[in-house]
Amino acid sequence: PFCKKRSRTLPSDLPLCLFPGGSHPKVGGDRRKRTVFTPAQIELLKKSFEENQYPGYQTREALARCIGIEEDRVHIWFQNRRARTPKRIRIGNHAAAPYRSYPKVGGDRRKRTVFTPVQIELLKKEFEENQYPGYETREALARCIGVEEDRVHVRIEMVGAPKTSLNRTYWNHLKRSE
DNA sequence: GGGTAATCTAATCAACG
DNA sequence: CGTTGATTAGATTACCC
């Protein structure tokens with residue numbers, strides 16, 4: 001029982017920005033199956049969270065190995081945890097300057113993935129056909145080009161640009177520099 | 001240095017118990 | 001039906017070529 005058919009095209013009229021969270025009825029593919037953490041895993045995650053609310057990649061990776069789960073699941077868990085932690089208790093964030101402090105706190109980040117032209121080509125082709133590939137699609141695509149699924153996910157998110165045909169990040173970048 | 005992956009927040013959807 | 005994992009938009013920072 002999951003929700004159906006991804007739309008092949010963007011809904012023409014209504015801007016997607018009106019529907020954060022992918023709430024537009026026509027978008028959103030099959031989701032990754034919800035992860036169920038064991039009490040022991042939760043305990044370790046919470047303990048780790050108390051020590052550092054912004055663990056870097058190495059830390060997340062180690063933690064993930066320790067509790068036998070993927071690094072990206074840990075990453076998501078921390079994001080959700082922070083989002084649901086009252087701001088006054090949140091360490092390493094300042095409401096006024098949302099992004100200013102995170103690099104210091106976060107520390108190391110994952111090594112930048114470099115896609116080959118062939119990989120880009122395939123990603124682009126898939127994206128044209130479906131801008132919101134579900135989990136199964138992403139997984140298959142990832143296997144096909146030989147990278148991890150979450151890298152595909154990030155990549156798709158980056159490129160996804162309802163507003164323009166340009167890369168979303170690039171668009172923001174240009175907007176900032178004038 | 002420019003282009004873009006990694007990361008963040010915020011809001012929302014939706015599976016599980 | 002509340003808790004919480006997953007998805008998305010938008011924004012910022014770091015890094016490879």
Side-chain angles (χ1 to χ4, degrees), chain A residues 1-4 6-7 10-11 14-39 41-42 45-46 49 53-61 69-87 90-117 119-120 123-124 127 130-139 147-164 166-177:
Chain A
F2 42 4
C3 55
K4 41 263 16 301
R6 308 181 286 276
S7 62
L10 271 180
L14 303 172
L16 262 165
C17 57
L18 291 180
F19 307 96
S23 61
H24 190 111
K26 292 171 84 176
V27 308
D30 47 306
R31 294 183 164 209
R32 169 191 284 265
K33 198 152 123 46
R34 189 184 170 96
T35 303
V36 181
F37 295 104
T38 67
Q41 290 172 324
I42 297 280
L45 285 167
K46 280 182 177 172
F49 185 79
Q53 302 186 356
Y54 293 81
Y57 177 62
Q58 295 303 326
T59 306
R60 293 196 306 269
E61 185 63 53
I69 209 166
E70 294 163 305
E71 179 273 333
D72 197 43
R73 297 310 93 210
V74 174
H75 201 316
I76 297 292
W77 187 89
F78 271 84
Q79 284 183 180
N80 280 324
R81 185 77 177 176
R82 284 196 302 267
R84 287 153 188 161
T85 300
K87 283 202 172 63
R90 220 187 292 175
I91 302 167
N93 181 37
H94 307 89
Y99 305 98
R100 192 64 63 186
S101 58
Y102 98 81
K104 298 193 197 85
V105 184
D108 64 312
R109 52 163 63 184
R110 171 197 284 261
K111 194 145 135 7
R112 188 185 173 97
T113 303
V114 180
F115 294 102
T116 68
Q119 290 173 325
I120 299 273
L123 286 165
K124 210 178 277 183
F127 182 73
N130 176 14
Q131 307 192 359
Y132 299 92
Y135 177 65
E136 292 300 334
T137 305
R138 295 195 306 265
E139 185 61 59
V147 303
E148 293 175 30
E149 181 277 330
D150 56 321
R151 293 310 92 201
V152 172
H153 199 176
V154 167
R155 163 79 195 190
I156 296 284
E157 283 181 349
M158 286 300 306
V159 173
K163 49 178 61 165
T164 73
L166 283 177
N167 174 289
R168 203 170 79 212
T169 304
Y170 187 48
W171 191 82
N172 288 327
H173 181 67
L174 289 180
K175 195 175 74 172
R176 181 150 32 95
S177 56

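Heavy atoms only: backbone and side chains are in, while hydrogens, waters and symmetry mates are out. Only a predicted model underlies this, so the values are computations on that prediction, with no experimental measurement involved.
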State which of C/dT7, B/dC8, B/dA15 makes the closest approach to the side chain of A/H75.
-> B/dC8
Can you check whether A/R60 has a side-chain N or O nearer than 4.0 Å to OP1 or OP2 of B/dT7?
-> yes
Of the candidates C/dG5, B/dT7, C/dC17, the side chain of A/F37 sits closest to C/dG5
Can you tell me if the side-chain N/O atoms of A/R82 get under 4.0 Å from OP1 or OP2 in B/dT9?
-> yes
In whole angstrom, give the distance that lies between atom CZ of A/F78 and atom C1' of C/dT4.
-> 15 Å
Take atom CE of A/M158 and atom C1' of C/dA11, then tell me their distance rounded to the nearest Å.
-> 10 Å
Atom-pair distance (CD on A/E157; C1' on C/dT12), nearest Å | 15 Å
Under 4.0 angstrom, heavy atoms only, what part of the nucleic acid is A/R84 near: base, sugar-phosphate, or nothing?
-> base
Integer-rounded Å distance: C/dA9 P and A/I156 CD1 | 11 Å
Quick one: is B/dT9 close enough that its OP1 or OP2 comes under 4.0 Å of any side-chain N or O from A/Y54?
-> yes
A/N80 CG to B/dC8 C1', straight-line distance once rounded to whole Å | 13 Å
Atom-pair distance (NZ on A/K33; P on C/dG5), nearest Å | 14 Å
Below 4.0 Å: OP1/OP2 of C/dT3 and any side-chain N or O of A/R34 = no
Spacing of A/Q79 atom CD relative to B/dA6 atom P, expressed in whole Å = 13 Å
For the side chain of A/R155, starting at C-beta, report the closest nucleotide among C/dT7, B/dT4, C/dC17.
-> B/dT4
Roughly how bent is the helix from B/dG1-C/dC17 to B/dG17-C/dC1 end to end, in steps of 10 degrees, with each end axis from five pairs?
-> 30°
Under 3.5 Å donor-acceptor, A/R60 side chain and A/P55 backbone = yes
Mind checking the CD-CZ spacing from A/Q79 to A/R84? Nearest 0.5 Å is all I need.
-> 11.0 Å
Could you tell me whether the phosphate oxygens of C/dA6, OP1 or OP2, come under 4.0 Å of any side-chain nitrogen or oxygen in A/R73?
-> yes
Taking all heavy atoms of A/E136 and all of A/D30, pick out the closest pair and write down the distance.
-> N-OD2, 3.0 Å
Which of these, A/R110, A/R32, A/R155, sits in a salt bridge (charged side-chain N to carboxylate O under 4.0 Å, His left out) with A/D150?
-> A/R110
Considering only side-chain heavy atoms of A/R109, which listed nucleotide, C/dT8, C/dT13, C/dC17, is closest?
-> C/dT13
N/O (side chain, A/R151) to phosphate O (OP1/OP2, B/dA6) under 4.0 Å = yes
